Amino acid sequence: MTVTQPEDKKKRNGSKLRKLRNILLKIIGVIVIAIVLFLGIVYITNIISTNSEAKKIEPYGQHVSVDGKNMNVFIQGEGKETIVLLPGYGTAAPALDFKPLISELSPYYKVVVIEPFGYGLSDITEKERSIENMVSETHEALQALHIERFILMGHSIAGIYGLDYVNKYPNEVSAFVGIDSSVPTQGGTDDEFPTEAYKLLKKSGFFRLLMKLSPDQLVTPTVDDETREQIRILSLKNMFNSNILSEGENFNHNFKAAQHLTFPKNLPVMFFLQANDTETEGWIPLHEEQVKNSVHGKVMTFDGGHYLHHTQSKEIVKNFRLYMEEIKEGSLK
């Protein structure tokens, strides 16, 4: 026997369902509006803050003309020998990032920090960030400064550009020093670079929000509050700009271009490496392989992270000076 609901009961149930549906639609609408408002606030806050912070940037160093644009360089010290410092990938303000190392080096050397295009206070260039362009631009900057002979010292990816530089301009470099520097054969550089995701992160303002929510993402040496604030401002300004993104897109090309290169046999080459790198397999052996045929090749390890020049500058400089003295004394025997 089939029992049917009375008509009025069906109407009441239908009315309840419509009310429930309307309530759900209103809740969804409120959520959507809240999300849109949140995204809008993040976006507008980023624009306002970026414009405000641009007025707070304190100039340092000097500009040299490279390919018709301004490249910023920072010089400290008056030693007879010159050390040229090249930064790791994406370092927002190289001259400020190298501050502890500069302090240790400058009593003995003339120290020159190169800020590639898109870094620090340098201009943005339209040229692709290929190893060929970046190395030739560094050379042009040094020529503009009338620096003809120097020790080349670099952090991270500067190991790739430095290797190319000493092969292209062998008469200019008297020694190469790598601070946890990259090796052409280290692997992992053929992964697709997420350019569009990084663009969205920067343009939307979410990179600023992430920096605000997690301040420890800002990697800085031990510096005063004013310097740390400048690094923060320049990090927000420079991170994921067109040159930094182009350099990331060129990782595969740049590493492959250096794979056939070796350091000149008689060039002093010294690597300062973190002792316990867990990200790159065979980190220390890869560097030992680079110097195995060098007359003056040496690898030293320290406890610490990738930014050894933040924490081990004093030891780096002390050991480098001893190393160079040993080479000079050996050449006199």
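Given the structure is predicted, the values throughout are model-derived calculations rather than measurements.
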**Student:** Is a donor from one side chain sitting under 3.5 angstrom from an acceptor on the other, for H310 and D97?
**Tutor:** yes
**Student:** If I take atom CG from residue D180 and atom CD from residue Q274, how far apart are they, to the nearest 0.5 angstrom?
**Tutor:**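 If I round to the nearest 0.5 Å, the distance is 4.5 Å.
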**Student:** Can you spot which of I131, L152, I114, V166 makes a side-chain contact (heavy atoms from CB on, under 4.5 Å) with Y161?
**Tutor:**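 Single pass found, and it is I131.
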**Student:** According to a hydrophobic-cluster definition based on side-chain heavy atoms being under 4.5 Å apart (Ile, Leu, Val, Met, Phe, Trp, Tyr only), do I35 and F38 belong together?
**Tutor:**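 Cluster IDs for I35 and F38 match.
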**Student:** Which of parallel (below 30°), tilted (30 to 60°) and perpendicular (above 60°) describes H155 and Y307?
**Tutor:**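 Geometry flag for Y307 against H155: tilted rings.
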**Student:** Under the criterion ring-ring contact (aromatic ring centres under 6.0 Å, His included), which of F320, F98, F272 is the partner of H309?
**Tutor:** F98
**Student:** Quick check on the hydrophobic clustering: are F207 and L209 connected, directly or via other members, by side-chain heavy-atom contacts under 4.5 Å?
**Tutor:**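 Linked within one cluster.
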**Student:** Would you name the heavy atoms of N171 and R149 that are closest together and state the gap between them?
**Tutor:** O-NH1, 2.8 Å
**Student:** What pair of heavy atoms forms the shortest contact from N243 to I124, and how long is it?
**Tutor:** OD1-CA, 3.4 Å
**Student:** Without hydrogens or angle criteria, can the side chains of T185 and Q259 be said to hold a donor-acceptor pair below 3.5 Å?
**Tutor:** no
**Student:** Considering residues, nucleotides and ligands other than E281, do more than 12 of their heavy atoms fall under 6.0 Å from its CD?
**Tutor:**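 Result for CD/E281: open.
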**Student:** Give me the ring orientation class for F255 and F251: parallel if the planes are under 30° apart, tilted from 30 to 60°, perpendicular past 60°.
**Tutor:**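 Plane angle over 60°, so perpendicular.
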**Student:** Hey, are S246 and E128 close enough side-chain-wise for a donor-acceptor pair under 3.5 Å?
**Tutor:** no
**Student:** Tell me if a side-chain donor or acceptor on Y323 pairs with a main-chain N or O of H296 at a distance below 3.5 Å.
**Tutor:** yes
**Student:** In Å and rounded to the nearest 0.5 Å, what is the CD1 to CD distance from I231 to E226?
**Tutor:** 12.0 Å
**Student:** Would you say the side-chain atoms of E172 and H139 include a donor-acceptor pair closer than 3.5 Å?
**Tutor:** yes
**Student:** Can you check salt bridge (Lys or Arg N to Asp or Glu O under 4.0 Å) on R129 and E137, steps first, answer last?
**Tutor:** CA-CA 10 Å; R129 296 295 79 203; E137 288 161 5; 2.8 Å; yes
**Student:** Judged by atom type as modelled, is there a donor-acceptor pair below 3.5 Å linking the side chain of S52 to the main-chain atoms of I48?
**Tutor:** no
**Student:** In plain terms, say whether K314 and E104 are close enough for a salt bridge, that is, a side-chain N and a carboxylate O under 4.0 Å apart.
**Tutor:** yes
**Student:** Is it the case that E247 and Y119 place a side-chain donor and acceptor less than 3.5 Å from each other?
**Tutor:** yes
**Student:** Is it true that, when you exclude N70 itself, more than 12 heavy atoms of the residues, nucleotides or ligands shown sit nearer than 6.0 Å to its CG?
**Tutor:**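 More than 12 within 6.0 Å, yes.
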**Student:** With a 4.0 Å cut-off, would you call K127 and E132 a salt bridge?
**Tutor:**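 E132 and K127: not salt-bridged.
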**Student:** Taking D224 first and then R228, would you say they form a salt bridge - that is, a charged N and a carboxylate O separated by under 4.0 Å?
**Tutor:** no
**Student:** Can you tell me if R208 and N46 form a side-chain donor-acceptor pair at under 3.5 Å?
**Tutor:**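 N46 and R208 do have a side-chain donor-acceptor pair below 3.5 Å.
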**Student:** Would R321 count as a cation-pi partner of Y108, with NZ or CZ less than 6.0 Å from the six-membered ring centre and within 45° of the ring normal?
**Tutor:** yes
**Student:** So does V223 get a backbone contact from the side chain of T227, meaning a donor-acceptor N/O pair under 3.5 Å?
**Tutor:**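 No.
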**Student:** Under a 4.0 Å N-O cut-off, is there an ion pair linking E53 with R232?
**Tutor:** yes
**Student:** Around atom CG of D303, are there more than 12 heavy atoms of other residues, nucleotides or ligands at under 6.0 Å?
**Tutor:**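 Count not over threshold, so no.
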**Student:** Donor-acceptor check, side chain of Q186 to backbone of V183, threshold 3.5 angstrom: yes or no?
**Tutor:**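 Looks like yes, one N/O pair under 3.5 Å.
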**Student:** Taking all heavy atoms of L245 and all of K199, pick out the closest pair and write down the distance.
**Tutor:** CD1-CG, 3.5 Å
**Student:** Once the angle between the rings of F240 and Y198 is folded into 0 to 90°, is it parallel (under 30°), tilted (30 to 60°) or perpendicular (over 60°)?
**Tutor:** parallel
**Student:** For the ring-ring contact (aromatic ring centres under 6.0 Å, His included) test, which of F263, F271, F176 pairs with H287?
**Tutor:**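 Answer after filtering F263, F271, F176: F271.
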**Student:** Around Y169, counting heavy atoms of other residues, nucleotides and ligands shown, do more than 12 lie under 6.0 Å from its OH?
**Tutor:** yes
